[in-house]
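In this chain, numbering begins with 1 at the start of the sequence shown.
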Amino acid sequence: MCNASMEGYKLKEFFFPRAKQTPMKVRRIHLHQFLDANYLWLALCFQRLLFNSYPIKEISQMQTPRRTNAIASRSQSMAQAQQYALPVLFSLFGVIMGSWAGRIPSMAERVHVSHSALSMVLLCGGLGAVLSYPVSSRMMASLGARKTMLFAGLALLGVLIAIGVAPTVPLLMLAVLSLGITASTFDVAINSSATEREKRTGKSELSKLHGLGCAGGLAGATLGSLMASLHIAPGTHFMMLAAPLAVALYFAYSLLDADDVGQKVEKKSFSLPRGPLLFLGAIGFLGSMAEGSIADWSGVFLKEHFGASDGLAPLALSAFSVMMLMARLVGDKLKTRYGARPLVTSGSMLGAAGLFFAVLSPNAYLALAGFAVAGLGLALVFPFVFSAAGAQGPVALAGVASMAYSGSLMGPPVIGAIAQGMGMQVAIAYVGGLAALIAFVASRSRMLK
């Protein structure tokens, strides 16, 4: 209504330019009251009869200074708000995944699963991540990244609630499988939007966004620890979390500066790298096994080996995540100064030392320090490996990503089998051995620069 009135006012000014300069007598007041009520109809008539050379479409687009300033101010405010859309989405994704990982010990205890059964539950999450690519490809092609992240994000929140209330192990496995599919689809969508924005603005932002994802994971794991210490069931916790996160998701989706057009997703996601890329793929495979195993099993290790409470156990993931966040925030500057290969090599050795320290610690609090050191050391593995692979083209990146997701698929059952047969100490020590192996392979990778 306001837009129509403004356009009509401009039409009236065009057709009656001397109205404001004429003394306002009584009869003119009545005339202007009539024109104010009927100026749009009169303008159409005059334009049709006399002003065919000046179309109404062009007249309606004439801007007054006040309207131009208002539009510019609103555009600037909208542009500033749009800058926060992707950071909110990455943080939200981290909160969801951190909340899930932080409550794994409580959920395992609730359904009374053994180490081997829990490893099969976690295996379903990795399997869902691998199976998600046909789903994400079709959604990205038909809906575009913006709508894909909305639908996948809402589905992810629903799946999180289903995980919290699953009464049996088979239903829990089905829910975790769905978690892998929806989480990976959401991850593909937000990373695609971030990549498009980098191309449009010419500014590198992906490292910072992934750092915000780490911050969200830390917040989710810490919140899980608080909920567990208050003896709040995982199902209730996830229900309380879902509503505000759904609101944040919708507002971020509304502000996101992206077109709802289909996007092509690399279809050779399962191709294996060859030649020098095989080293990057191996680092991604080992890094995925190590990082995923710490996320899934560190809380279980504290709970079983040290008898940590439900409130203390999730802090292992929190300590790991906070140090990873701090390292990733400065990773780009360190890479410029020292190069990727020395940082990945020395960082992996530091991560291995932290994990071995956690295994040999006399109490849970010193073990937390070991997991924090491991997060500091392993933080730069994935950003630098994916950066090096992406520089070789989309097919190279797809091959390295395939090996990385294969590592996340194989990690949970391997760690679970080791824990079942030899104990959690040996299982975490095995993860430390993986970190040392990452350092060895990274030192021989020529593509890490």
Side-chain angles (χ1 to χ4, degrees), residues 78 81-97 100 124-163 174-201 205-206 209-210 213 216 242 245-272 386 389-390 393-402 404-406 408-409:
M78 180 61 68
Q82 287 171 347
Q83 293 179 358
Y84 296 101
L86 276 176
V88 168
L89 290 168
F90 273 85
S91 302
L92 183 147
F93 183 59
V95 170
I96 295 173
M97 301 309 294
W100 141 248
C124 291
L127 181 61
V130 173
L131 295 177
S132 69
Y133 282 95
V135 178
S136 61
S137 299
R138 178 163 296 186
M139 291 184 68
M140 292 282 288
S142 59
L143 300 175
R146 185 167 173 265
K147 288 185 177 179
T148 297
M149 71 179 62
L150 175 65
F151 296 145
L154 292 176
L156 179 58
L157 291 172
V159 168
L160 188 67
I161 295 175
I163 289 174
L174 180 61
V176 174
L177 177 70
S178 302
L179 177 76
I181 295 174
T182 53
S184 296
T185 302
F186 185 76
D187 194 24
V188 168
I190 59 177
N191 278 282
S192 175
S193 296
T195 303
E196 289 298 321
R197 191 163 83 172
E198 282 187 338
K199 293 179 181 178
R200 186 170 64 252
T201 61
E205 297 179 284
L206 205 56
L209 292 173
H210 279 276
L245 290 186
V247 173
L249 171 64
Y250 182 77
F251 277 105
Y253 156 81
S254 302
L255 291 174
L256 189 64
D257 184 19
D259 296 328
D260 293 326
V261 295
Q263 299 184 13
K264 293 183 179 180
V265 179
E266 177 62 48
K267 295 184 178 180
K268 295 184 179 181
S269 302
F270 302 100
S271 61
L272 294 177
F386 276 73
V395 175
L397 181 58
V400 172
S402 296
Y405 281 113
S406 299
S408 67
L409 179 65

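We find the CD1-CG distance between Ile96 and Leu160 to be 6.5 Å, quoted to the nearest 0.5 Å. Asp187 contributes atom CG, which lies 7.0 Å from atom CZ of Phe90 (distance to the nearest 0.5 angstrom). A distance of 12.5 Å separates CG in Leu245 from CZ in Phe93, rounded to the nearest 0.5 Å. Here Ile190 contributes atom CD1 and Thr185 contributes atom OG1; the two are 11.5 Å apart, rounded to the nearest 0.5 Å. Annotation: the span from Met97 atom CE to Leu179 atom CG amounts to 4.5 Å, rounded to 0.5 Å. Here the straight-line distance linking atom CG of Leu92 with atom CG of Leu86 works out to 12.0 Å at 0.5 Å rounding.
The nearest pair of heavy atoms linking Ser91 to Pro87 is OG-O, 2.8 Å. Annotation for Val88 and Ala252: closest pair CG1-CB, 4.0 Å, computed over non-hydrogen atoms. In plain terms, the two heavy atoms of Ala175 and Ile163 that are nearest each other are CB-CG1, 3.5 Å. Here the closest heavy-atom approach between residue Leu256 and residue Arg146 is recorded as O-NE, 3.6 Å.
For the pair Leu89 and Phe186, the minimum side-chain heavy-atom distance is below 4.5 Å.
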Open item on the list: Working note: Val176 + Trp100, criterion side chain to side chain contact (heavy atoms under 4.5 Å, CB included); need CA distance, chi angles, decisive distance, verdict.
Closed with: CA-CA 10 Å; Val176 174; Trp100 141 248; 3.8 Å; yes
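Checked against side chain to side chain contact (heavy atoms under 4.5 Å, CB included), Ala246 has the following partners two or more places apart in sequence or in another chain: Leu154, Leu157. For Ala155, the side chain to side chain contact (heavy atoms under 4.5 Å, CB included) partners are Thr182, not counting sequence neighbours. When the side chain to side chain contact (heavy atoms under 4.5 Å, CB included) test is applied to Phe251, the partners found at least two apart in sequence or on another chain are Val247.
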